[in-house]
Undergrad: 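Take this structure first; my questions come after.
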Amino acid sequence: MPELPEVETICRGLNQATLDREMLGGDVLLNSTIARSISATDFLTQLKGKSIARWYRRGKYLLAELSQFPEGERERGTGGQGESGRVGEFLAQTPISSQTPSFCPSLLPSKAGWLGVHLRMTGQLLWVNRSEPLQKHARVRLFFEGNQELRFVDQRTFGQMWYVPAETEVSSTVTGLKLLGPEPFSEEFTTEYLARKLHRRARPIKTALLDQSLIAGLGNIYADETLFLSGVMPTTLCADLTAEQIGRIHTAIIQVLQKAIASGGTTFSNFLNVQGVNGNYGGVAWVYNRAGQPCRTCSATIERIKLAGRSTHFCPICQT
DNA sequence: CCTCAAACCTGCCAGC
DNA sequence: TGCTGGCAGGTTTGAG
């Protein structure tokens with residue numbers, strides 16, 4: 001399932017493949033994918049003739065700043081960088097770990113509007129040749145010059161796309177953005193911030209880590225991995241955490257996300273990058289989805305419980 | 001204000 | 001074999 005590292009990986013791939021190409025049209029195969037504020041027809045009408053200036057990530061949201069495609073450059077960009085093979089080579093040459101995360105602290109209104117995407121659980125964004133056979137769960141197709149296509153595939157139909165009109169606050173259309181807490185890699189996300197947000201709270205720390213208004217981007221997998229690396233039991237109430245534990249959690253969040261981004265996503269899930277290639281998370285999960293198996297550190301049996309409706313995995317010895 | 005559970009949806013898998 | 005129920009998970013919504 002796409003969490004911050006997977007969305008970041010997709011964002012970087014999109015920035016290398018999709019920019020500065022005119023959108024010629026598209027096809028909405030499932031109307032409910034387009035967020036309610038606009039019809040599928042209007043959505044496509046608004047995008048036509050525009051191009052993507054740059055992709056940003058905020059939490060698990062993908063946001064493309066649009067620009068009006070310049071008339072004079074219409075003959076440019078045939079062949080070359082847009083073909084899947086070439087882009088794949090380019091990606092391979094660029095060490096992804098050396099890139100700066102592409103989150104955008106403030107999403108200002110744009111002259112040509114924005115395109116927003118949330119993959120939810122099963123969404124995939126693929127950069128393909130337009131002739132690529134249609135997947136069973138293809139939901140939205142956006143056609144670009146050079147016979148290329150940005151295709152949104154989503155088995156469980158929870159994923160969403162938004163069109164944010166020109167000169168409009170992004171968060172007024174993509175309303176979920178308003179509720180997002182700080183990015184884990186931002187200066188705002190400090191141990192002191194975390195301590196303040198957890199102070200006197202009654203809920204378990206695992207639940208708090210999944211709360212996007214506290215910190216943006218963690219999902220079920222990395223929340224469990226974070227707590228293992230911190231040595232903290234997921235059931236521990238926030239109010240009961242020591243300052244030292246909070247410090248370890250803060251460090252572990254950044255560490256686990258950095259490592260996953262550096263390896264281009266995770267193999268925990270059916271995650272595909274924009275080229276349709278499976279991620280290759282270097283390490284294996286410490287605890288996630290390992291119930292009944294021995295802890296990689298102490299060999300105790302990994303346990304699984306339910307917390308706030310989410311499966312939660314931990315080592316009863318290493319985590320206290 | 002705070003916390004939690006249900007709902008959204010489809011495919012897969014265990015159990016009968 | 002074929003059915004049923006549980007489960008997977010990000011976010012929103014509404015109940016307590």
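Every chain is numbered from 1, with letters handed out A, B, ... down the list of sequences. All values below come from the heavy atoms of this structure, side chains included, with hydrogens, waters and symmetry mates left out.
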Undergrad: Any side-chain heavy atom of A/Arg54 sitting closer than 4.5 Å to one from A/Asn15?
TA: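 Touching, per the 4.5 Å side-chain cut-off.
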Undergrad: Starting from C1' on B/dC9, measure out to CG on A/Leu29 and report it in whole angstrom.
TA: 17 Å
Undergrad: Under 4.0 Å: is that the gap between some side-chain N or O of A/Lys306 and OP1 or OP2 of B/dA5?
TA: no
Undergrad: Which of these nucleotides, B/dC2, C/dT11, C/dA8, is closest to any side-chain atom of A/Ser311?
TA: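 Of the options given, the side chain of A/Ser311 lies nearest C/dA8.
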Undergrad: Between A/Gln212 and A/Tyr61, does any side-chain donor sit less than 3.5 Å from a side-chain acceptor?
TA: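 The answer is no; no qualifying pair exists.
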Undergrad: Measure CG/A/Leu179 against P/C/dT12 and give the value in whole Å, please.
TA: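 Interatomic distance, CG of A/Leu179 to P of C/dT12: 6 Å.
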Undergrad: Measuring to OP1 and OP2 of B/dT3, would you say a side-chain N or O of A/Arg203 lies under 4.0 angstrom away?
TA: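 Yes, A/Arg203 has a side-chain N/O under 4.0 Å of OP1/OP2 on B/dT3.
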Undergrad: Can you check the distance between C/dG14 and B/dC9, where both ends of the measurement are the P atom (answer in whole Å)?
TA: 16 Å
Undergrad: Looking at the side chain of A/Gln212, which of B/dT10, C/dG10, C/dT11 is the nearest nucleotide?
TA: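 Output: C/dT11.
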Undergrad: Kindly confirm whether the side-chain ring of A/Phe158 is stacked on the base of B/dC8, judged by centres under 5.5 Å and planes under 30°.
TA: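 Yes, aromatic ring over the base.
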Undergrad: What's the closest nucleotide to the side chain of A/His118 if the choices are C/dG10, C/dT12, B/dT10?
TA: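 My answer, after comparing the listed nucleotides, is C/dG10.
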Undergrad: Taking CH2 from A/Trp162 and P from C/dG10, how many angstroms apart are they, rounded to a whole number?
TA: 15 Å
Undergrad: Should A/Leu218 and A/Ile253 count as side-chain neighbours, where that means a heavy-atom distance under 4.5 Å?
TA: yes
Undergrad: Taking only the P atom of each, what is the distance from B/dC1 to C/dT11 in whole angstrom?
TA: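 It works out to 22 Å between them.
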Undergrad: Should the side chain of A/Arg310 and the base of C/dT11 be counted as holding a donor-acceptor pair, with the cut-off at 3.5 Å?
TA: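 A donor-acceptor contact between them is present.
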Undergrad: So, is A/Gln155 near the phosphate of B/dC9, with a side-chain N or O under 4.0 Å from OP1 or OP2?
TA: no
Undergrad: Does atom NZ of A/Lys48 have more than 12 heavy-atom neighbours from other groups under 6.0 Å away?
TA: no
Undergrad: Between C/dG10 atom C1' and A/Asp211 atom CG, what is the distance in whole Å?
TA: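 From A/Asp211 CG to C/dG10 C1': 12 Å.
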Undergrad: Is a donor on one side and an acceptor on the other found under 3.5 Å between the side chain of A/Thr168 and the backbone of A/Ala166?
TA: yes
Undergrad: Measure the distance from CG on A/Leu210 to C1' on B/dA5 and round it to the nearest whole Å.
TA: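 Distance check: A/Leu210 CG to B/dA5 C1' gives 14 Å.
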Undergrad: Tell me the interatomic distance from A/Arg200, atom CZ, to B/dC1, atom C1', rounded to whole angstroms.
TA: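 Result: 15 Å.
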Undergrad: Of the candidate nucleotides B/dC4, C/dG10, B/dT3, which contains the atom at the shortest distance from the side chain of A/Met121?
TA: C/dG10
Undergrad: Tell me whether the OP1 or OP2 atom of C/dA8 has a side-chain N or O from A/Arg304 closer than 4.0 Å.
TA: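 For A/Arg304, the contact criterion (side-chain N or O under 4.0 Å from OP1 or OP2 of C/dA8) is met.
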Undergrad: Would you check if A/Phe69 and A/Glu145 make a side-chain contact, meaning some heavy-atom pair closer than 4.5 Å?
TA: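 Result yes, sub-4.5 Å side-chain heavy-atom pair found.
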Undergrad: What's the CD-C1' distance between A/Gln160 and C/dG10, to the nearest Å?
TA: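 Between C1' of C/dG10 and CD of A/Gln160: 11 Å.
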Undergrad: Taking NE2 from A/His313 and P from C/dC7, how many angstroms apart are they, rounded to a whole number?
TA: 12 Å
Undergrad: So, is A/His137 close to the B/dG11 phosphate, meaning a side-chain N or O under 4.0 Å from OP1 or OP2?
TA: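 So the side-chain polar atoms of A/His137 do come within 4.0 Å of the phosphate oxygens OP1 or OP2 of B/dG11, strictly under.
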